[in-house]
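Just so we're clear, the structure is a prediction, and the values are computed from it rather than from any experiment. The residues of the chain are indexed from 1 along the displayed sequence.
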Amino acid sequence: QVQLVESGGGLVQPGGSLRLSCAASGSIFSSNTMGWYRHSAGNQRELVEAITRGGVANYVDSVKGRFTISRDNANNTVYLKMNSLKFEDTAVYYCKSEARACSGCPYRGYWGQGTQVTVSS
């Protein structure tokens, strides 16, 4: 089994910054794409930004130039640096990792429990 533990959420004023972290542990042979999703009231969960093992990232247009994703493959950890935060960034942010338990095993998607990010003055 794989566990994802997120940290770094909180309350921040508009224009402020936060850095989210997500550490994966457990039966991990290797991980593929890792990323961050968010869910706010009245909206569907959406992909914020994701990054492949090789470092290729994709993101939703609304965070372009403000959010940066990075990862530490050796420690199965992914980060999301969020700058210039806006009211509309308020949401629960979830980490997701595609991981497999052995070299011949299929990749499976695992989710973290979520961390609240609130942007408020």
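Closest approach of Gly109 and Lys96 over heavy atoms only: CA-CE, 4.1 Å. Ser84 and Arg66 get closest at one heavy-atom pair: O-NH1, 2.9 Å. Looking at every heavy atom in both residues, Ile69 comes nearest to Ala57 through CG2-CB, 3.8 Å. Heavy atoms only, all atoms of each residue included: Asn83 and Ser17 are closest at OD1-OG, 2.9 Å.
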>> Between Val60 and Leu47, is the side chain to side chain contact (heavy atoms under 4.5 Å, CB included) condition met? List the steps.
In response: CA-CA 7 Å; Val60 65; Leu47 171 68; over 6 Å; no

> Does the pair Met82 and Leu20 meet the rule for a side chain to side chain contact (heavy atoms under 4.5 Å, CB included), with working shown?
Replying inline: CA-CA 8 Å; Met82 305 184 293; Leu20 306 183; 3.8 Å; yes

>> Walk me through whether Val2 and Arg108 qualify under side chain to side chain contact (heavy atoms under 4.5 Å, CB included).
In response: CA-CA 10 Å; Val2 175; Arg108 294 181 57 190; over 6 Å; no

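The side-chain contact (heavy atoms from CB on, under 4.5 Å) test with Cys95 is passed by exactly one of Trp111, Trp36, Tyr37: Trp36. Tested against Arg38 for a salt bridge (Lys or Arg N to Asp or Glu O under 4.0 Å), the candidates Glu46, Glu6, Glu88, Glu49 yield a single pass: Glu46.
Gln3 contributes atom CD, which lies 7.5 Å from atom OG of Ser27 (distance to the nearest 0.5 angstrom). Put simply, OG1 on Thr52 and CG on Asn58 are 9.0 Å apart, with the number rounded to the nearest 0.5 Å. Taken to the nearest 0.5 Å, the SG atom of Cys22 stands 10.0 Å off from the CG atom of Asn76. Taken to the nearest 0.5 Å, the CZ atom of Arg45 stands 13.0 Å off from the CG atom of Asn43. Between the OG atom of Ser121 and the CG atom of Leu11 there is a distance of 9.5 Å, given to the nearest 0.5 Å. In this structure, CZ in Arg100 is found 12.5 Å from CD1 in Ile28, a value given to the nearest 0.5 Å.
Residues Val78 and Val48 fall within the same hydrophobic cluster, defined by Ile, Leu, Val, Met, Phe, Trp and Tyr side chains chained together at heavy-atom separations under 4.5 Å. Put simply, Tyr94 and Leu85 are part of two different groups of oily side chains (I, L, V, M, F, W, Y) that touch within less than 4.5 Å, one to the next. Linking Ile, Leu, Val, Met, Phe, Trp and Tyr whenever their side-chain heavy atoms come within less than 4.5 Å leaves Tyr79 and Leu4 in two separate clusters. Taken together through direct or relayed side-chain contacts under 4.5 Å among Ile, Leu, Val, Met, Phe, Trp and Tyr, Leu80 and Val12 form part of one hydrophobic cluster.
Residues Val5 and Gln113 have side chains not in contact (no heavy-atom distance under 4.5 Å, counting atoms from C-beta outward). In this structure, the side chains of Ser31 and Arg71 come closer than 4.5 Å at one or more pairs of heavy atoms.
Under the 3.5 Å distance criterion, the side-chain polar atoms of Ser120 are left unmatched by any main-chain donor or acceptor of Thr118.
Within a 6.0 Å sphere centred on OH of Tyr110, other residues, nucleotides and ligands contribute more than 12 heavy atoms.
In this structure, Phe67 and Tyr93 have tilted ring planes: the angle between them lies in the 30° to 60° band.
In the model, Ser30 has no side-chain atom that pairs as donor or acceptor with a side-chain atom of Arg53 under 3.5 Å.
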